[in-house]
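Comments concern the structure below.
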Amino acid sequence: MSTTLRLYNTLTREKTAFAPIDPQNVRMYVCGPTVYDYAHIGNARPAIVFDVLFRLLRHVYGEAHVTYARNITDVDDKINARALRDHPGLPLNEAIRAVTEKTETQFHEDVAALGCLEPTVEPRATDNIAEMIEIIGRLIGNGHAYVASGEVLFHTKSMRDYGQLSKRPLDEQQAGARVAVDAHKKNPGDFVLWKLSSHNEPGWESPWGRGRPGWHIECSAMSRRYLGEVFDIHGGGLDLIFPHHENEIAQSRCAHGTDVMANVWMHNGFVQVEGRKMSKSEGNFVTIHDLLHTEKFGGRQWPGEVLRLAMLMTHYREPIDFSVKRLEEAERLIAKWPAAEASGALPCDTVMNALADDLNTVAAVQALHALAQEAHGDPDALAVFAASAALLGVLPEKTEVDEALASAVDALVAMRLEMLKAKNFAEADKIRNELADKGIQLKDGKDPATGERVTTWEVKR
RNA sequence: GGCCUCGUGGCGGAGUGGUGACGCAGAGGACUGCAAAUCCUUGCACCCGAGUUCGAUUCUCGGCGAGGCCUCCA
């Protein structure tokens with residue numbers, strides 16, 4: 001409990017000491033995926049970054065004292081479009097459910113492969129429509145929202161300090177510079193809280209007619225439901241600062257009459273692929289699934305732990321260039337790390353301090369690498385390594401080897417040593433090669449005292 | 001146009017007003033029958049210009065370059 005975390009806060013543009021509202025229940029909200037298609041590696045970054053933060057918070061405040069909420073956005077016009085495209089024969093609601101359930105399952109498989117713990121709660125937008133309607137009702141009631149042309153809109157001008165997060169005062173924005181201003185808006189920056197649905201769009205009954213929520217309101221509703229009106233940390237990608245997070249803040253604060261929505265706002269940087277911007281419009285994005293299970297990237301599949309480490313080799317606020325070269329380097333590092341099981345040991349101070357300093361995973365990984373070298377042949381160091389690696393979620397798992405295989409390999413190793421003594425190199429190498437083909441790597445060493453050859457082996461990861 | 005990042009050796013990536021982390025790759029070596037693994041040695045980098053200074057990669061200003069947001073996107 002003595003560790004003090006220092007976190008960079010987008011709200012203040014400063015790195016400050018983190019003090020939870022309630023150390024017995026530290027609360028974090030992270031914007032999750034819209035479930036209409038495979039998640040790409042841009043989605044993987046916040047999942048991994050905030051997973052590290054989750055692990056760190058659990059370590060500092062105790063596992064039972066951290067609540068991590070990450071939403072599933074399952075109402076969205078992109079989902080509707082996908083449902084109509086992929087399931088033209090089904091009734092709309094069933095088609096939508098088919099899309100969202102499949103995508104959600106896939107997302108969970110992907111992030112699990114990336115070594116991410118499950119959030120404490122993972123609420124769905126469609127399970128929180130009533131909460132959204134309640135908040136919208138409040139906003140209309142206290143003059144922060146109005147009804148126009150069948151939509152409920154947030155009245156940005158009604159909020160004195162709108163734009164604090166993005167440092168984007170309303171007056172200074174070029175109104176409608178790149179998007180036509182809808183005539184029914186009182187101000188160009190006003191955004192939709194609720195909009196009416198046609199028959200071929202999903203909708204819910206509300207005081208303003210059968211409709212569906214605007215983009216931002218779900219996070220206000222779900223964060224309040226699970227974390228309260230004011231909570232500790234809100235995270236997401238850099239590109240969400242405006243308008244999404246700005247508008248979440250506006251909705252929540254105006255509905256609840258609070259000065260802040262979350263105390264600390266954290267944003268991870270952008271992801272590029274091989275030096276180029278990844279964008280949906282250009283179609284050059286790489287999905288997590290592609291990396292894990294296909295040979296689309298670099299002509300091979302990549303283990304989840306390699307992807308995770310590659311992601312953590314750059315500080316979360318910096319842009320990251322996802323490249324084959326980077327993945328190869330990550331893989332070489334992991335290959336040098338010992339497999340171990342987390343025991344009761346405490347993580348190394350260097351790793352802890354690095355992470356406590358605004359999630360400096362780069363320094364943490366380097367410290368970890370140094371530990372890995374010390375751990376070579378030192379059980380105590382190995383335990384510290386394991387605990388430290390677990391904090392980052394990059395602990396190579398000890399491959400379970402069944403005893404029959406182990407004794408068979410041991411016998412072959414003994415046989416090989418006999419052959420070596422007889423200088424029968426051909427036969428000895430044959431054994432070595434056959435084992436290698438089965439994924440078993442022999443490692444010859446020398447007993448420091450006797451000078452005898454000592455052979456150990458491991459299952460290649 | 002507004003707002004905002006970033007620019008360090010082949011690559012990744014720290015850091016500091018006064019000999020220059022570290023990792024990966026590469027090179028050399030030890031060990032080995034040969035490999036692998038392991039260990040040792042090795043890297044003279046800080047976008048450009050001006051300014052401040054005894055001295056700047058580190059501070060200031062100005063360029064140039066890369067990128068992001070302002071519209072669905074992590």
Side-chain angles (χ1 to χ4, degrees), chain A residues 10 13 30-34 36-37 39-50 73 76-78 81 163 166-169 171-180 188-189 191 215 235-246 267-272 275-282 285 309-310 312-321 323-333 335-336 354 357 360-363 365-370 372-373 376-377 419-420 423-426 428-429 432-433 435-436 441-446 448 451 453-458 460:
Chain A
T10 308
R13 314 275 158 138
V30 174
C31 290
T34 301
Y36 69 102
D37 203 348
H40 53 79
I41 59 170
N43 299 305
R45 172 112 100 147
I48 293 170
V49 164
F50 292 106
T73 298
D76 184 287
D77 288 351
K78 288 192 291 291
S166 57
K167 303 277 186 275
R168 215 184 279 261
D171 298 342
E172 289 181 15
Q173 282 189 72
Q174 276 200 319
R178 297 179 61 184
V179 63
F191 54 92
W215 176 31
L238 205 59
D239 58 320
L240 291 179
I241 294 175
F242 190 90
H244 185 51
H245 288 166
E246 196 69 82
H267 294 95
N268 62 269
F270 220 77
V271 177
Q272 287 193 306
R276 285 177 46 228
K277 178 192 174 177
M278 180 175 62
S279 78
K280 290 186 178 177
S281 53
E282 287 183 35
F285 63 91
L309 180 61
L312 296 178
M313 279 170 11
T314 291
H315 184 83
Y316 76 94
R317 283 194 279 117
E318 295 292 319
I320 191 170
D321 183 15
S323 62
V324 171
K325 192 163 185 173
R326 167 186 286 274
L327 293 180
E328 286 172 345
E329 181 171 340
E331 184 166 59
R332 277 191 293 263
L333 273 183
K336 291 183 181 181
D357 181 16
N360 190 344
T361 54
V362 178
V365 167
Q366 299 224 347
L368 201 58
H369 188 57
Q373 283 170 331
H376 193 252
M419 289 170 180
L420 286 175
K423 303 239 185 261
N424 186 352
F425 298 124
D429 287 355
R432 186 173 68 194
N433 292 337
L435 285 173
Q441 178 71 56
L442 299 190
K443 296 190 286 190
D444 288 344
K446 208 179 196 181
R453 182 194 292 253
V454 179
T455 299
T456 57
W457 59 274
E458 66 176 12
K460 275 190 276 192

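Since the structure is predicted, the reported quantities are computational estimates derived from the model, not experimental observations. Protein chains get the first letters and strands the later ones, always in sequence-line order, with residue 1 at the start of each.
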Write down the distance separating the P atoms in B:C59 and B:U8, rounded off to the nearest Å.
15 Å
Considering only heavy side-chain atoms of A:Pro243, the closest of B:C70, B:U38, B:C34 is B:C70
Is B:C59 paired to anything, Watson-Crick or G-U wobble with both distances less than 3.5 Å, and if yes, which nucleotide?
B:G51
When the P atoms of B:G7 and B:C48 are compared, how many Å lie between them, rounded to an integer?
14 Å
Gap in Å between the two P atoms, one belonging to B:C47 and one to B:G10, rounded:
13 Å
Below 3.5 Å, does any donor atom in the side chain of A:Asp444 face an acceptor in the base of B:A35, or the other way round?
yes
Does B:G23 have a Watson-Crick or wobble partner in any strand here, with both distances under 3.5 angstrom, and which is it?
B:C11
Between A:Leu312 and A:Val365, the two heavy atoms sitting closest are O-CG2, 4.2 Å
Find which nucleotide of RNA chain B each of A:Ala426 and A:Gly32 is nearest to by heavy atoms, and output the residue with the more 5' nucleotide.
A:Ala426
Write down the atom of A:Phe50, the atom of A:Gly235, and the distance for their closest heavy-atom approach.
CZ-CA, 3.6 Å
Closest nucleotide of RNA chain B for A:Leu238 versus for A:Arg332: which of these residues is on the 5' side?
A:Arg332
Contact state string [nucleotides 5-16 of chain B, B base, S sugar-phosphate only, - no protein heavy atom under 4.0 Å]:
-S---SBBS---
Integer angstrom distance from the C1' of B:U38 to that of B:U32
12 Å
Which value, in whole Å, describes the distance between the P atoms of nucleotides B:C6 and B:G15?
12 Å
How long is the straight-line distance from CZ of A:Arg45 back to CG of A:Leu238, given to the nearest 0.5 Å?
9.0 Å
Nearest-angstrom distance, C1' atom, B:U57 to B:G9
13 Å
Distance in angstrom units between A:Phe270 CZ and B:G67 C1', rounded
9 Å
For B:A37 versus B:C4, give the span between their P atoms, rounded off to a whole number of Å.
49 Å
Let's see if you can work this out: which of B:G23, B:A74, B:G33 has an atom nearest to the side-chain heavy atoms of A:Asp239?
B:A74
Integer angstrom distance from the P of B:A21 to that of B:A27:
22 Å
Using the side chain to side chain donor-acceptor pair (under 3.5 Å) criterion, which residues pair with A:Thr10? Sequence neighbours excluded.
A:His267
Determine whether a donor-acceptor pair (one donor, one acceptor, N or O, separation below 3.5 Å) exists between the side chain of A:Arg432 and the base of B:C34.
yes
Which base sits across from B:C69 as a Watson-Crick or G-U pair, both distances under 3.5 Å?
B:G2
Can you tell me the base-pairing partner of B:U32? Count Watson-Crick or G-U wobble geometry only, both distances below 3.5 Å, and say none if there is no partner.
none
With sequence neighbours left out, the residues meeting side chain to side chain donor-acceptor pair (under 3.5 Å) with A:Asn424 are none
Side chains of A:Val362 and A:Glu318: does their closest heavy-atom pair fall under 4.5 Å?
no
So what does A:Leu240 hit on the nucleic acid, given a heavy-atom distance under 4.0 Å: a base, only sugar-phosphate, or nothing?
sugar-phosphate
Using 0.5 Å steps for rounding, measure from the CE atom of A:Met313 to the CD atom of A:Glu329.
4.5 Å
